Amino acid sequence: MTPEQSLAAVRAAARRHHLDSAGATLLQPGKNHTWRLPGSKVIAKVRGAGATFAQAYRETQAARYVLSRGIPAPRPVGEERYPYRHDTGHETVYVLVTEDLGPSTVAATPCQVALLLRRLHALPVPTGPRLRLPAIDPFTRLFPGIDELFPAGSARDRRRLHQLLHTAREAWQTTAWPGPMSPLHGDAGPGNCVITADGVAHLIDFERMAIGPVLWDLAAYGWRRDVYGADPAEYQAFTAAYGLDVTSHADGRTYHHALTPAFAVSAWLAAAGYARDEPHWQHEADLRLATLLTDPLPGFPWHWNLGNTAVMKAAGAGAAR
């Protein structure tokens, strides 16, 4: 999906909802595109790359559900309850429109993210006809992703990645998870927590909301420390605020053997996908793949990059020299 195609979808959705699309600004490219429409003070999210109506509708309903339970989130906007369907000529995309919380000038703290997740995880599992969340499955989509994006080369390496996931899925299926299954955000972290001008923390982006063990959401801050080399004080603050340390469950086996391999393969696939259109991602994709092909996986931290464009370009230039 090109920016031109997604902008055409945004403009069509704006006309349907009687919104002003003049001055639309692309905030986030990639598999899904996010646009700011300053004239209407809304955000338009274009879900592409195989998105279905059911998925887009569930995301909208998930936002309404958490709002109805008192958790701050962007409110869906528009005259219809359903996402807007648009045919780009190459694929069908869906446009979701929400209120614009404004440019975030302050990053969410680990404590703010932890407290929002505690509130989310404490909600009852929705059972009404308008919102039925799926059970979280971090593995199924990764196997075809490996086969599609794996670079030409040794079949042994592909087998290594498949075996890594098979072993992790077996560990997942045999884990005695703490507590009942709960509503999960699915992509928790500071990037999906926005602080508004009045200082209120809001959860955003419910594309991956599901039902499952809370440890999946809690692992996000562990990965920031262990995979990306973030300040360990972040993780300490997060666990202190939430009241549970995912890395200590089952003496660390759950975190290391069931959770981390699924996240790591997903993060490599994302980097490999970005590298198709943004060459400065290639060095990072190669680094992530080399880590995954190490058997057993190396000790932490791995020092992967979080995705800062300037950092990625510098790393790629250094590798080229």
Side-chain angles (χ1 to χ4, degrees), residues 66 71 108-125 133-142 161 163-193 203 206 208-268 288 291-292 294-304 306:
V66 300
I71 297 178
T109 67
C111 180
Q112 288 172 314
V113 178
L115 293 179
L116 278 176
L117 289 178
R118 278 186 59 177
R119 294 175 65 183
L120 177 67
H121 297 160
L123 295 182
V125 173
L133 295 174
I136 189 169
D137 178 4
F139 299 98
T140 299
R141 67 182 179 86
L142 299 180
L161 295 172
Q163 185 57 50
L164 182 67
L165 287 182
H166 282 301
T167 301
R169 184 163 60 182
E170 182 178 352
W172 175 285
Q173 292 170 341
T174 57
T175 291
W177 302 102
M181 297 295 101
S182 302
L184 305 180
H185 182 275
D187 191 16
N192 282 328
C193 180
L203 276 179
F206 298 96
R208 297 185 184 179
M209 192 168 174
I211 302 301
V214 300
L215 295 188
W216 177 260
D217 274 352
L218 303 188
Y221 264 90
W223 293 324
R224 282 179 60 82
R225 179 194 65 185
D226 297 331
V227 174
Y228 297 113
D231 185 351
E234 272 193 2
Y235 185 68
Q236 293 173 0
F238 178 83
T239 56
Y242 190 93
L244 180 61
D245 180 1
V246 59
T247 66
S248 68
H249 182 257
D251 296 322
R253 292 188 301 275
T254 301
Y255 178 70
H256 287 281
H257 302 310
L259 301 174
T260 297
F263 165 77
V265 171
S266 180
W268 164 63
R288 296 183 183 187
T291 304
L292 293 172
T294 303
D295 189 8
L297 290 175
F300 294 132
W302 291 348
H303 295 295
W304 291 5
L306 273 167

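All values reported here derive from a predicted model rather than from experimental measurement. The first residue in the sequence is number 1, and the count goes up from there.
Residues meeting the side chain to side chain contact (heavy atoms under 4.5 Å, CB included) test with S182, sequence neighbours left out: H121, V214. Checked against ring pair (Phe, Tyr, Trp, His ring centres under 6.0 Å), F263 has the following partners two or more places apart in sequence or in another chain: W223. By the ring pair (Phe, Tyr, Trp, His ring centres under 6.0 Å) test, F300 is found to be paired with H256, W302, residues two or more places apart in sequence or in another chain being considered.
Stacking of R224 on the aromatic ring of Y228 is not recorded, the 6.0 Å distance cut-off and the 45° axial limit not both being met.
Taking both residues in full, the closest heavy atoms of A210 and A135 are given as CB-C, 4.4 Å, listed atom of the first, atom of the second, then distance. V113 and C193 make their closest contact through CG2-CB, 3.9 Å (heavy atoms, listed as atom of the first residue, atom of the second, distance). Considering all non-hydrogen atoms of both residues, A220 and A188 come closest at CB-O, 3.0 Å. When all heavy atoms of H257 and A171 are compared, the closest pair comes out as O-CB, 3.9 Å. In plain terms, the two heavy atoms of P301 and G229 that are nearest each other are CB-CA, 4.3 Å. For the residue pair A264 and L292, the shortest heavy atom distance occurs at CB-CD2, 3.6 Å.
Residues L161 and L142 fail the side-chain proximity criterion, which asks for heavy atoms closer than 4.5 Å. Annotation: side chain of L117 is in contact with side chain of F238 (closest heavy-atom distance under 4.5 Å). A heavy-atom distance below 4.5 Å is found between the side chains of L164 and L297. I136 places none of its side-chain heavy atoms less than 4.5 Å from the side chain of I211. P298 places a side-chain heavy atom less than 4.5 Å from the side chain of T291. Between H185 and L116, every side-chain heavy-atom pair lies at or beyond the 4.5 Å cut-off. Annotation: side chain of V66 is not in contact with side chain of L203 (no heavy-atom distance under 4.5 Å).
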Q: Run the numbers on T254 and W177 for side-chain contact (heavy atoms from CB on, under 4.5 Å), then give the verdict.
A: CA-CA 9 Å; T254 301; W177 302 102; 3.5 Å; yes

Q: Under the side-chain contact (heavy atoms from CB on, under 4.5 Å) rule, what do T239 and L244 come out as? Steps first, then yes or no, please.
A: CA-CA 6 Å; T239 56; L244 180 61; over 6 Å; no

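A donor-acceptor pair shorter than 3.5 Å can be found between the side chains of T167 and Q163. For the residue pair T175/R253, the side-chain donor-acceptor check at 3.5 Å is not satisfied. No donor-acceptor contact under 3.5 angstrom links the side chains of Y235 and D226, judged on distance only.
Salt bridge R225/E234: absent, no basic N to carboxylate O contact under 4.0 Å.
Checking side-chain atoms of R169 against main-chain N and O of P138 turns up no donor-acceptor pair under 3.5 Å. Y255 contributes a side-chain N or O that, together with a main-chain N or O of G222, makes up a donor-acceptor pair within less than 3.5 Å. Put simply, the side chain of D187 never gets that close to the backbone of N192: no donor and acceptor are under 3.5 Å apart. Between the side chain of T109 and the backbone N or O of Q112 there is at least one donor-acceptor pair closer than 3.5 Å.
The aromatic rings of W172 and F139 sit perpendicular, their planes meeting at an angle over 60°, well past the 30° parallel limit.
Between atom CD of residue E170 and atom CG of residue L165 there is a gap of 13.0 Å, rounded to the nearest 0.5 Å. R118 CZ to L218 CG: the interatomic distance, rounded to the nearest 0.5 Å, is 11.0 Å. The distance from atom CE of M181 to atom CG of L133, rounded to the nearest 0.5 Å, is 14.0 Å.
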